[in-house]
J.: 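Below is one structure. I have some questions about it.
Each chain gets a letter, A, B and so on, in the order the sequences are listed, and its residues count up from 1.
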There are 4 protein chains.
Amino acid sequence: MAVQEGDKRQAILDSAEKVFAVHGAAATIDEIAKDAGIAKGTIYLYYASKDELYISLMEDRISTYRERSRRALAGIDAPEGVIEQLVMMRTEFVSQHWGLLITLFQAGIPGSAQVHERICRAKLNAQQVFLDALENTVPRLDFDMESLLVMISGMADGLIMHRVFVSGEFDPQQTAEEVLALALPTLRTVTGCRE
Amino acid sequence: MAVQEGDKRQAILDSAEKVFAVHGAAATIDEIAKDAGIAKGTIYLYYASKDELYISLMEDRISTYRERSRRALAGIDAPEGVIEQLVMMRTEFVSQHWGLLITLFQAGIPGSAQVHERICRAKLNAQQVFLDALENTVPRLDFDMESLLVMISGMADGLIMHRVFVSGEFDPQQTAEEVLALALPTLRTVTGCRE
Amino acid sequence: MAVQEGDKRQAILDSAEKVFAVHGAAATIDEIAKDAGIAKGTIYLYYASKDELYISLMEDRISTYRERSRRALAGIDAPEGVIEQLVMMRTEFVSQHWGLLITLFQAGIPGSAQVHERICRAKLNAQQVFLDALENTVPRLDFDMESLLVMISGMADGLIMHRVFVSGEFDPQQTAEEVLALALPTLRTVTGCRE
Amino acid sequence: MAVQEGDKRQAILDSAEKVFAVHGAAATIDEIAKDAGIAKGTIYLYYASKDELYISLMEDRISTYRERSRRALAGIDAPEGVIEQLVMMRTEFVSQHWGLLITLFQAGIPGSAQVHERICRAKLNAQQVFLDALENTVPRLDFDMESLLVMISGMADGLIMHRVFVSGEFDPQQTAEEVLALALPTLRTVTGCRE
DNA sequence: TATGAATGAGCCTTCATTCAT
DNA sequence: GATGAATGAAGGCTCATTCAT
């Protein structure tokens with residue numbers, strides 16, 4: 001009844017998240033292995049390189065975020081609902097993956113072009129979920145939908161990062177409300193709905 | 001007619017910007033020196049360490065941004081004008097300092113806590129310029145001004161990064177207009193002005 | 001039948017002794033590794049830093065000297081015997097650890113205060129063995145025992161170094177006899193024994 | 001009325017002594033120049049290299065010691081007097097050149113063979129003064145005079161170093177007396193004089 | 001599969017020395 | 001003579017990656 005292969009992969013990712021969160025790009029394979037309670041070499045049985053481990057970590061977290069978002073958006077048929085979920089999911093993500101905040105929003109600390117590209121793609125996939133939902137709920141619009149989504153995401157990210165890095169106090173619930181207080185009227189302006 | 005000390009400091013910063021832009025935190029002092037056409041040791045005559053060089057680069061660019069913003073805001077007396085300048089300055093900055101985009105709009109890459117802190121401070125200083133301008137032009141408001149500013153900045157940053165990293169085409173003029181098309185109505189919603 | 005960990009540590013120390021002996025503080029980790037036939041990084045698996053390696057080398061050699069001295073002193077019950085052993089052990093040490101002569105008999109070369117302190121402590125421990133033996137064999141004396149020991153050690157060291165560095169010919173046996181020819185009468189003068 | 005060349009050479013040596021005393025082999029030319037209040041390059045007008053500066057420093061101090069010793073020995077016609085002066089001069093030297101203690105007795109920290117050799121020669125020259133004096137005052141002896149001198153010097157050095165490095169308290173006057181208390185009887189033993 | 005000792009390329013930093021002014 | 005900016009060789013140390021067990 002050995003540990004499942006998938007479990008060990010997850011355990012490594014969990015340790016990697018912890019260590020990357022603390023040390024950023026300076027995180028070492030040694031420390032991740034130690035945190036996971038396994039030998040350094042074992043990590044290379046599951047991930048081909050440090051970059052690959054990093055990418056896998058990001059892809060895993062982001063795809064979880066995407067699936068959670070997809071489920072949350074089921075049955076939503078008003079643009080306000082989509083935006084509300086967007087903001088909720090983003091604040092929730094940060095409260096759960098605090099340590100990946102910089103990394104996630106920055107799209108790839110360890111640097112190589114490939115890392116950057118693959119993480120960007122994961123983020124785009126997650127965004128697509130919201131984009132689809134938004135397009136299904138809003139009649140044709142003269143405003144580019146993707147730009148709209150990107151900007152409202154940016155509003156949320158901007159406030160979240162400000163709370164985390166500057167204020168030092170991040171209350172997911174309150175932050176979400178504050179963003180929505182600005183985002184929803186904005187949305188209505190664009191969609192032409194008047195409440 | 002020797003080169004001024006300030007000039008050499010600037011030359012090093014310029015090379016550092018180029019190299020950091022390409023390699024991120026993995027940039028090496030060697031390469032920066034080579035780009036600047038000087039010996040490695042010379043860099044240490046002007047900057048005490050790689051971290052210090054990185055911080056100085058960021059502080060320099062951000063403070064230039066702040067001063068340009070300050071001048072651009074002189075005489076502006078409507079909140080729309082402030083937001084307009086905010087968006088213009090941000091897009092302009094990116095078109096000039098392409099390589100620093102991730103770093104500037106988010107946090108300090110090369111890791112140490114001190115780096116992060118000092119760059120955050122510089123960014124706050126720059127933001128304060130807009131915050132002051134905004135507070136001078138808007139009557140008391142029930143919406144927190146700083147949050148408003150942070151979110152509108154986030155809107156701009158979100159679209160800019162999307163254009164740069166995803167579309168791969170970044171037209172400063174057009175991007176600025178697109179952001180303003182969403183930001184200005186948003187602002188009016190909050191300030192209660194109706195057109 | 002793998003090499004024991006202790007063996008590798010010893011092998012590194014042996015190479016370090018050789019290289020420090022030739023180059024003094026200017027010895028490089030590179031060269032020590034090359035002499036040991038291992039990679040540079042391997043040394044750092046066993047010793048945290050160059051200073052630590054140097055200290056460990058000294059502590060190892062000195063503690064061996066101390067234990068050999070302790071055994072040699074067992075059963076000795078006359079002060080002359082103690083001094084005789086002191087001189088013998090010192091000349092023997094030099095003939096075995098030629099390269100460490102300066103370092104051992106004086107202070108720690110590579111500079112840091114910690115190095116100096118830890119080597120001094122090791123030397124004091126070794127001296128204590130002789131001090132204990134001397135105090136056990138000599139009735140109360142008006143002459144400070146430690147000073148006596150230190151000075152007689154100095155006599156031996158002085159002649160040894162003169163033979164090694166100036167004459168260039170060091171015959172342990174003969175040198176020991178020559179020192180004893182002066183040290184023993186001196187001792188008797190102090191202890192009041194008349195032959 | 002510019003400063004004499006010799007004065008500047010001396011000023012550099014004085015600074016070098018201060019800095020070597022504090023930092024040992026880790027002393028830098030930069031710091032010596034700063035202490036002397038001159039530019040780094042100026043040092044190279046007077047001393048060809050760091051090694052050369054170091055050697056010059058040692059030779060200067062030792063030759064001063066030699067000349068003072070020579071004067072002190074004038075008119076001395078008993079071996080006890082010679083030994084007394086030997087001990088006095090050595091303790092005096094340490095109290096005046098505290099920082100050079102390790103360096104002097106170790107014969108050359110910065111390592112190169114040439115450094116070692118030249119400092120040894122300087123020390124031998126100084127020793128010769130005492131050797132001459134001793135040979136002039138003592139009838140032919142079956143004990144080798146140089147060995148005798150070297151061992152008595154070693155006695156003094158041993159106690160001095162013990163006081164300086166271990167006890168941490170070095171009182172020149174008292175140390176000298178303590179050494180003489182052992183050295184003079186020793187001498188008489190050899191010379192056959194019975195008080 | 002799992003281990004962890006070993007590797008060695010590569011980096012930051014220092015500092016003796018030079019030389020144009 | 002005097003300066004000090006510039007140089008670049010060299011060294012300590014790290015750490016991703018490999019591989020024999």
Side-chain angles (χ1 to χ4, degrees), chain A residues 2-3 5 8 23 25-34 36-54 110, chain B residues 1-3 5 8 23 25-34 36-53 110, chain C residues 1-3 5 8 23 25-34 36-53 110, chain D residues 2-3 5 8 23 25-34 36-54 110:
Chain A
V3 173
E5 140 129 8
K8 183 157 285 190
H23 295 105
T28 67
I29 292 284
D30 264 280
E31 200 161 356
I32 294 170
K34 192 159 83 176
I38 60 178
K40 199 175 2 178
T42 306
I43 289 183
Y44 284 87
L45 296 178
Y46 295 92
Y47 299 97
S49 69
K50 190 185 174 187
D51 266 16
E52 202 61 40
L53 169 59
Y54 182 75
Chain B
M1 218 80 66
V3 173
E5 139 129 12
K8 180 152 291 190
H23 296 104
T28 67
I29 290 284
D30 265 282
E31 199 164 355
I32 293 171
K34 191 153 74 176
I38 59 178
K40 199 182 345 185
T42 306
I43 290 183
Y44 286 87
L45 295 179
Y46 296 91
Y47 300 97
S49 67
K50 190 185 171 187
D51 266 17
E52 202 60 40
L53 170 59
Chain C
M1 218 81 67
V3 173
E5 140 129 11
K8 181 153 290 190
H23 295 104
T28 69
I29 291 285
D30 267 280
E31 198 164 357
I32 293 171
K34 191 155 72 177
I38 59 179
K40 198 182 351 183
T42 305
I43 289 182
Y44 286 89
L45 295 179
Y46 296 90
Y47 299 96
S49 67
K50 190 186 170 187
D51 265 17
E52 202 60 39
L53 170 59
Chain D
V3 173
E5 140 129 10
K8 183 158 284 192
H23 295 104
T28 66
I29 291 284
D30 265 281
E31 200 159 357
I32 294 170
K34 193 158 83 176
I38 60 178
K40 198 174 4 176
T42 306
I43 290 183
Y44 285 86
L45 295 178
Y46 295 92
Y47 299 97
S49 69
K50 191 185 174 188
D51 266 17
E52 202 60 40
L53 169 59
Y54 182 75

J.: Taking the nucleotide of DNA chain E with the nearest heavy atom to each, does Ile43(C) or Gly41(B) sit closer to the 5' end?
T.: Ile43(C)
J.: I want to verify a distance call: between dA16(F), dT3(F), dT18(E), whose nearest atom is closest to the Ala39(D) side chain?
T.: dT3(F)
J.: For a quick test of reading the model: is some side-chain N or O of Lys40(B) closer than 4.0 Å to OP1 or OP2 of dG8(F)?
T.: no
J.: When all nucleic acid strands are considered with a 4.0 Å heavy-atom cut-off, which category describes Ala27(D): base, sugar-phosphate, or nothing?
T.: sugar-phosphate
J.: In whole Å, what is the span from the CG atom of Asp30(C) to the P atom of dC13(F)?
T.: 12 Å
J.: Paired with dT21(E): which nucleotide, if any, by Watson-Crick or G-U wobble criteria at under 3.5 Å for both distances?
T.: dA2(F)
J.: For a quick check of understanding: with a heavy-atom distance under 4.0 Å over all strands, which category does Thr28(B) fall into, base, sugar-phosphate or nothing?
T.: sugar-phosphate
J.: Which distance, rounded to the nearest 0.5 Å, do you find between the NZ of Lys8(A) and the OG1 of Thr42(A)?
T.: 6.0 Å
J.: Given dA2(E), is OP1 or OP2 found less than 4.0 Å from the side-chain N or O atoms of Tyr46(A)?
T.: yes
J.: Whole angstroms only, please: what is the CG-P distance between Leu53(A) and dT17(F)?
T.: 10 Å
J.: Checking all strands, does Ile29(C) fall into the base, sugar-phosphate, or nothing category for heavy-atom contacts under 4.0 angstrom?
T.: sugar-phosphate
J.: What is the distance from CD of Glu31(D) to C1' of dT14(E), rounded to the nearest Å?
T.: 13 Å
J.: Rounded to the nearest 0.5 Å, how far apart are CD1 of Ile38(C) and OH of Tyr46(C)?
T.: 7.5 Å
J.: Hunt down the Watson-Crick or G-U wobble partner of dT13(E), both distances under 3.5 Å, from any strand shown, or write none.
T.: dA10(F)
J.: CD of Glu52(C) versus P of dC13(F): gap in Å, rounded?
T.: 11 Å
J.: Whole angstrom is fine here: how far is it from CG in Asp51(A) over to P in dC15(F)?
T.: 16 Å
J.: Could you tell me the separation between the NE2 atom of His23(D) and the C1' atom of dT14(E), rounded to a whole number of Å?
T.: 14 Å
J.: Any idea which heavy atoms bring Ala27(C) and Lys50(C) closest together, and the distance?
T.: O-NZ, 2.8 Å
J.: If I take atom NZ from residue Lys40(D) and atom CG from residue Asp30(D), how far apart are they, to the nearest 0.5 angstrom?
T.: 3.5 Å
J.: Can you tell me the distance, in whole Å, between the NZ atom of Lys34(D) and the P atom of dC15(E)?
T.: 12 Å
J.: Between dC13(F), dT7(E), dA2(F), spot the one nearest the side chain of Tyr44(C), thanks.
T.: dC13(F)
J.: Which distance, rounded to the nearest 0.5 Å, do you find between the CG of Leu53(D) and the CD1 of Ile43(D)?
T.: 6.5 Å
J.: Would you indicate which nucleotide in dA6(F), dT7(F), dT17(E) comes nearest to any side-chain atom of Ile38(B)?
T.: dT7(F)
J.: Write down the distance between NZ (Lys50(C)) and P (dT14(F)), rounded to a whole number of angstrom.
T.: 15 Å
J.: Both Ser49(B) and Leu45(C) contact DNA chain E. Taking the nearest nucleotide for each, which residue is further toward the 5' end?
T.: Leu45(C)
